[in-house]
K.L.:
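Dropping the structure in here first, questions after.
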Amino acid sequence: MAEDFKLWDVICDGPYVPTKKVGDPLETVPKTRKEYNDADRKAMEKNFLAKKILVCGIGPDEYNRISACQSANEIWEALQTTHEGTTQVKQSKIDMLTTEYEFFRMNDDKSIQDMHTIFMSIINELHSLREVIHMNILV
């Protein structure tokens, strides 16, 4: 991410929550807003900046899906589920595309350029689902 690599951590891991230790035995509890210091506020700003970047990068239909999300992490997970599906749906897509890749053959009625485009489409979809096909297998 060009803005700040720590934003990606906020998106993947969730927002920073300022905490304090209280009681006996010591227990970690969230701080109240009045107890925040400058470092807490600065760390919390990362979530708001990440949310802003994600929201500014989507259209109105997508916004309706994520408008109730409180953190950048929630937004990201909602978008992932919407576009990639659940783990089971994702695996089904990978299986389908892998089968399509394995049975890919040259058609006499299509040009080499058309076949290359179809082949690369299959490979790129697999890649977007984080399924890696090594170059020696592709060749």
Side-chain angles (χ1 to χ4, degrees):
M1 185 173 268
E3 290 291 325
D4 184 348
F5 190 73
K6 291 187 179 189
L7 293 179
W8 188 242
D9 291 338
V10 170
I11 291 170
C12 292
D13 303 332
Y16 170 77
V17 177
T19 58
K20 64 181 179 180
K21 301 225 184 246
V22 295
D24 186 31
L26 287 178
E27 184 179 346
T28 303
V29 296
K31 289 182 180 178
T32 64
R33 290 177 62 94
K34 291 179 182 178
E35 296 174 312
Y36 293 170
N37 59 34
D38 289 339
D40 292 335
R41 285 186 181 84
K42 186 171 176 93
M44 291 179 67
E45 284 177 5
K46 298 286 185 195
N47 183 57
F48 295 108
L49 184 55
K51 280 176 61 175
K52 177 181 154 189
I53 290 170
L54 289 171
V55 169
C56 288
I58 61 175
D61 293 335
E62 297 292 330
Y63 182 78
N64 291 334
R65 289 187 183 114
I66 57 97
S67 61
C69 296
Q70 297 298 310
S71 69
N73 177 258
E74 288 179 39
I75 292 171
W76 184 251
E77 288 177 1
L79 291 171
Q80 271 188 312
T81 301
T82 299
H83 292 282
E84 291 182 1
T86 62
T87 304
Q88 292 171 330
V89 171
K90 184 177 172 183
Q91 189 57 50
S92 294
K93 287 180 184 178
I94 290 171
D95 292 343
M96 181 189 71
L97 288 165
T98 301
T99 302
E100 198 173 330
Y101 163 78
E102 290 170 350
F103 288 107
F104 182 82
R105 298 286 179 260
M106 184 71 180
N107 289 342
D108 292 335
D109 60 330
K110 297 206 184 232
S111 70
I112 291 174
Q113 183 63 37
D114 291 342
M115 294 305 293
H116 181 265
T117 301
I118 294 167
F119 182 73
M120 290 311 297
S121 176
I122 296 168
I123 299 307
N124 289 337
E125 283 189 62
L126 281 167
H127 182 71
S128 73
L129 293 169
R130 294 177 193 87
E131 184 70 15
V132 178
I133 298 177
H134 297 285
M135 188 57 87
N136 60 345
I137 294 173
L138 288 175
V139 174

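Only this structure's heavy atoms are used, side chains among them; waters, hydrogens and symmetry mates stay out.
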K.L.:
To the nearest 0.5 Å, tell me how far D13 CG sits from S71 OG.
P.N.:
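Reported value, rounded in 0.5 Å steps: 11.0 Å.
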K.L.:
So does G14 get a backbone contact from the side chain of N47, meaning a donor-acceptor N/O pair under 3.5 Å?
P.N.:
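Such a contact is absent between N47 side chain and G14 backbone.
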K.L.:
Could you give the distance from CD1 (I118) to CD (Q113), rounded to the nearest 0.5 Å?
P.N.:
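Reported value, rounded in 0.5 Å steps: 10.5 Å.
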K.L.:
Looking at side-chain heavy atoms only, is the closest gap between K31 and N37 below 4.5 Å?
P.N.:
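The answer is yes; the side chains approach within 4.5 Å.
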K.L.:
Cluster question for you: counting only ILVMFWY and a side-chain heavy-atom cut-off of under 4.5 Å, with indirect links fine, are Y36 and V29 together?
P.N.:
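No.
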K.L.:
For Q70, does its backbone N or O pair with a side-chain atom of E74 as donor and acceptor, under 3.5 Å?
P.N.:
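Side chain of E74 to backbone of Q70, a donor-acceptor pair under 3.5 Å: yes, one is there.
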K.L.:
What's the spacing between K46 NZ and I11 CD1 if we round to 0.5 Å?
P.N.:
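Interatomic distance, K46 NZ to I11 CD1, rounded to 0.5 Å: 11.5 Å.
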K.L.:
Atom CG of residue position L26 - does it have more than 12 heavy atoms of other residues, nucleotides or ligands inside 6.0 Å?
P.N.:
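For L26, atom CG is crowded (more than 12 foreign heavy atoms under 6.0 Å).
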K.L.:
Can you list everything that forms a ring pair (Phe, Tyr, Trp, His ring centres under 6.0 Å) with F104? Sequence neighbours excluded, please.
P.N.:
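By the ring pair (Phe, Tyr, Trp, His ring centres under 6.0 Å) rule, F104 matches F119.
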K.L.:
Do L7 and Y16 sit in one hydrophobic cluster, given that two such residues count as connected whenever their side-chain heavy atoms are within less than 4.5 Å of each other, even indirectly?
P.N.:
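Unlinked, L7 and Y16 end up in two clusters.
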K.L.:
If you round to the nearest 0.5 Å, how far is CZ of F48 from CD1 of I53?
P.N.:
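One gets 14.0 Å once the value is rounded to the nearest 0.5 Å.
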K.L.:
Starting at NZ of K6, measure out to CD of E45 and round the result to the nearest 0.5 Å.
P.N.:
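Interatomic distance, K6 NZ to E45 CD, rounded to 0.5 Å: 13.0 Å.
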K.L.:
If you compare all heavy atoms of I94 against all heavy atoms of L126, which two are closest, and at what distance to 0.1 Å?
P.N.:
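The answer is O-CD2, 3.9 Å.
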K.L.:
If I compare all heavy atoms of V17 with all of P30, which pair ends up nearest, and what's the gap?
P.N.:
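Closest approach of V17 to P30, heavy atoms only: CG1-CB, 4.3 Å.
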K.L.:
How long is the straight-line distance from CD1 of I123 back to OG of S128, given to the nearest 0.5 Å?
P.N.:
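The distance works out to 11.5 Å.
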K.L.:
Check step by step if side-chain contact (heavy atoms from CB on, under 4.5 Å) holds for Q88 and S92.
P.N.:
CA-CA 6 Å; Q88 292 171 330; S92 294; 5.5 Å; no
K.L.:
If you count the non-hydrogen atoms of other residues, nucleotides and ligands that lie under 6.0 Å from NZ in K20, is the total more than 12?
P.N.:
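Enclosed.
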K.L.:
Looking at D108, I want to see if its CG is surrounded by more than 12 non-hydrogen atoms of other residues, nucleotides or ligands under 6.0 Å.
P.N.:
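It does not: D108 CG has 12 such atoms or fewer within range.
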K.L.:
State, to 0.1 Å, how close A78 and T82 come at their nearest heavy-atom pair, and which atoms those are.
P.N.:
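Minimum heavy-atom contact is O-OG1, 2.8 Å.
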K.L.:
Could you tell me whether the side chain of E35 reaches within less than 4.5 Å of the side chain of P18, counting heavy atoms only?
P.N.:
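They are not in contact (no side-chain heavy atoms under 4.5 Å apart), so the answer is no.
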K.L.:
Are L79 and V10 in one and the same hydrophobic cluster, where Ile, Leu, Val, Met, Phe, Trp and Tyr link if side-chain heavy atoms are under 4.5 Å apart?
P.N.:
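Unlinked, L79 and V10 end up in two clusters.
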K.L.:
Output side-chain donor-acceptor pairs under 3.5 Å for residues 55-66, partner residues at least two apart or in another chain, one line each.
P.N.:
from, atom 1, to, atom 2, distance (Å)
E62, OE1, R65, NH1, 3.3
E62, OE1, H83, NE2, 3.2
E62, OE2, R65, NH1, 2.9
E62, OE2, H83, NE2, 3.1
N64, ND2, P60, O, 3.4

K.L.:
Is there a donor-acceptor pair under 3.5 Å between the side chain of T81 and the backbone N or O of E77?
P.N.:
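Yes, because the side chain of T81 sits within donor-acceptor range (under 3.5 Å) of the backbone of E77.
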K.L.:
Looking only at non-hydrogen atoms, find the nearest pair between N73 and C12 and report the distance.
P.N.:
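The pair with the smallest heavy-atom distance is ND2-O, 3.0 Å.
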